[in-house]
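Keep in mind that this is a model prediction, so the values were computed, not measured. Note that the numbering runs from 1 along the sequence shown for the chain.
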Amino acid sequence: MSFRITLQSKPSRHFHDPYKHWQVLLNGSPWGDPFYYNMRGYRGVLPLPDGSPFDPGEVTLTQLRREVAQINREAKQATPPTPDAGA
């Protein structure tokens, strides 16, 4: 089973909110609540391959993308390679 996290930009829900919200997509499907901007950074929860949630704290968008990339790398390394059906 594949495990891939991506972030998708969502427009702000409020007229006066200048920051975008970021929806977490797990294998292309929305997962959890969107990340929202707090006074110090983005807040939200990321999924881990074992199914548990991970709260990175108040992070910048760059740090959030780094966390997503690291989780994706670790999940890819943890999954065993699938044997070729034709070989």
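- Put simply, CZ on F35 and OH on Y42 are 11.0 Å apart, with the number rounded to the nearest 0.5 Å.
- There is no path of hydrophobic side-chain contacts, each under 4.5 Å, that joins Y36 to V68.
- N27 has its side chain within reach of S2: a pair of non-hydrogen atoms, C-beta onward, lies under 4.5 Å apart.
- Between the CD atom in Q70 and the CD1 atom in I5 there is a gap of 11.0 Å [rounded to 0.5 Å].
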Please report, to 0.1 Å, the donor-acceptor pairs under 3.5 Å made by any side chain of residues 46-62, with sequence neighbours excluded.
| residue | atom | partner | partner atom | Å |
| --- | --- | --- | --- | --- |
| D50 | OD1 | S52 | N | 3.0 |
| D50 | OD1 | S52 | OG | 2.7 |
| D55 | OD1 | G57 | N | 3.0 |
| D55 | OD2 | R43 | NH2 | 3.4 |
| E58 | OE2 | N38 | ND2 | 2.8 |
| T60 | OG1 | Q63 | N | 3.2 |
| T60 | OG1 | Q63 | OE1 | 3.4 |

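- In this structure K10 satisfies the side-chain contact (heavy atoms from CB on, under 4.5 Å) test together with H21, Q23, P34, sequence neighbours excluded.
- Closest non-hydrogen pair, L7 versus W22, comes out as CB-CE3, 4.1 Å.
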Note to self: If you apply the rule side chain to side chain contact (heavy atoms under 4.5 Å, CB included), what do you find for R4 with N72, and how did you get there?
What the structure shows: CA-CA 6 Å; R4 177 119 176 107; N72 285 334; 3.4 Å; yes
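- Taken to the nearest 0.5 Å, the CD1 atom of I71 stands 10.5 Å off from the CZ atom of R73.
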